[in-house]
There are 2 protein chains.
Amino acid sequence: MRIGELSERTGTPRRLLRYYEEQGLIVPDRCRNGYRAYDERLVDRVMQIRGLLEAGLPTRIIKQILPCLDKPRVIHFSDATPEMIATLTRERDRMTERIQCLTRNRDAVAEYLDAVVGNLRPDAAPEASPGPSYEVPANSAT
Amino acid sequence: MRIGELSERTGTPRRLLRYYEEQGLIVPDRCRNGYRAYDERLVDRVMQIRGLLEAGLPTRIIKQILPCLDKPRVIHFSDATPEMIATLTRERDRMTERIQCLTRNRDAVAEYLDAVVGNLRPDAAPEASPGPSYEVPANSAT
DNA sequence: TCGAACCCTCACATTGATGTGAAGGTCAAG
DNA sequence: CTTGACCTTCACATCAATGTGAGGGTTCGA
């Protein structure tokens, strides 16, 4: 497929697809006329890239971990230098930290929301703890 | 404490502490001489901010979710406008997506690492062995 | 043959999070 | 009083990710 279709299917601006290529994250073929030709599998890959970028990983790191994520478990020993192992280990741990931080804070936000909508919408929420120190204003329904 | 101590205790450049203040994420007092005076609790708060930034949240969003995270569960109903509820819900869901994306990819990296160090020596310095790619025979769990 | 809808490269602009440094005020110790 | 280690504000620089558009080629259907 060409860049326009990939762009639509991934919700990614063409500009960024070219940028990811420039950063070495994806490597499309070229048609005879110079147009980029993307493999079907790049749809998933692009969304994976976007997710990782969204989660704060820089392209430099994404480029390094992408080869680990291919379906047929193939170990490229040329990539398995000591530095690469160290990098991957470090990134794995950093990702774990991010996950923990995000989880903690997501749960706190969710708890807050439960408390708020529990007061505003008594039909949708299960019983929250009896209100310790927050007060319900007299607000109109919905 | 003053900015230098907070900087050291959080591993955060002074520049960034002033930046976070400019963005409304932290609000230090001021001594009579104009120096910023930080409360002890800001140590945790700054590290929380850094974690969230690291995880890809912009300061604009962090500013909005921070008030939900205070220990004594106090609902500020002035913040509980419909737009605020919508924002928090959206951000909660985005955080969940990030967590899922990070978890998937972290696990893949971890699996890859397990396979690699499972073949090399898990503890000693691995050797830089040039060579082609190998298919790793079906490996069991660690 | 023309126009619309694609594609290309190149290049500059912007945004958010940072780095860096200048010019100067405060304060404790020598 | 001076020096050094703090602090202040201001401002410009950088970096990665992204926006935007100019200038131009390709393909296809009316």
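Letters A, B, ... are given to chains in the order of the sequence lines, protein chains preceding strands, and every chain is numbered from 1.
Taking a 4.0 Å limit (strictly below) on heavy-atom distances, residues 92-106 of chain B does not reach DNA chain D anywhere. Only B:Pro13, B:Arg15, B:Leu16, B:Tyr19, B:Tyr20, listed by number, bring a heavy atom of residues 12-22 of chain B to less than 4.0 angstrom from any atom of DNA chain C.
Between A:Thr59 and the phosphate of D:dA16, there is no side-chain N or O to OP1/OP2 separation shorter than 4.0 Å. The side chain of B:Arg36 places an N or O atom within less than 4.0 Å of a non-bridging phosphate oxygen (OP1 or OP2) of D:dT9. At the phosphate of C:dC27, OP1 or OP2 sits under 4.0 Å from a side-chain N or O atom of B:Asn33. Within the structure, a side-chain polar atom (N or O) of B:Arg30 is placed less than 4.0 Å from OP1 or OP2 of D:dT9.
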Side chain to side chain donor-acceptor pair (under 3.5 Å) assessment of A:Thr96 paired with B:Arg106: CA-CA 7 Å; A:Thr96 298; B:Arg106 192 253 342 239; 3.0 Å; yes

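The pair B:Glu40-B:Arg9 meets the salt-bridge criterion, with a side-chain N (NZ, NE, NH1 or NH2) lying under 4.0 Å from an Asp/Glu carboxylate O. Salt bridge annotation for B:Asp70-B:Arg45: present, with a cationic side-chain nitrogen under 4.0 angstrom from a carboxylate oxygen. Salt bridge B:Arg36/B:Glu5: absent, no basic N to carboxylate O contact under 4.0 Å. B:Glu91 has a carboxylate O that lies under 4.0 Å from a charged side-chain N of B:Arg94, or vice versa, which qualifies the two as a salt bridge.
As a whole-Å value, the separation of B:Leu6 CG from D:dC6 C1' is 15 Å. The separation between B:Glu54 atom CD and D:dA16 atom C1' is 14 Å, rounded to whole Å. Rounded to whole Å, atom C1' of C:dC6 lies 14 Å from atom OH of A:Tyr38. Put simply, CZ on B:Arg32 is 17 Å from C1' on D:dC7, counting in whole angstrom units. Across the protein-nucleic acid pair, B:Tyr35 atom OH and D:dC7 atom C1' stand 4 Å apart, rounded to whole Å. Regarding B:Leu57, its CG atom lies at a distance of 10 Å from the P atom of C:dA17, rounded to whole Å.
Taking the side chain of A:Ile3 as heavy atoms from C-beta on, and the options C:dA17, C:dC7, D:dT8, the nearest nucleotide is C:dC7.
Each of A:Leu53 and A:Arg2 has a nearest nucleotide on DNA chain D; the 5'-most of these lies closest to A:Leu53.
Checked by atom type and distance alone, the side chain of A:Ser7 pairs as donor or acceptor with a backbone atom of A:Thr12 at under 3.5 Å.
Transitive grouping of hydrophobic side chains (ILVMFWY, heavy atoms separated by less than 4.5 Å) brings B:Ile85 and B:Leu66 into a common cluster. By the criterion of side-chain heavy atoms lying less than 4.5 angstrom apart, applied directly or through intervening Ile, Leu, Val, Met, Phe, Trp or Tyr residues, A:Met47 is not grouped with A:Tyr19; the two fall into different hydrophobic clusters.
Residue B:Arg92 is tested with A:Asp107, A:Asn105, A:Leu113 for a side chain to side chain contact (heavy atoms under 4.5 Å, CB included); the sole match is A:Leu113.
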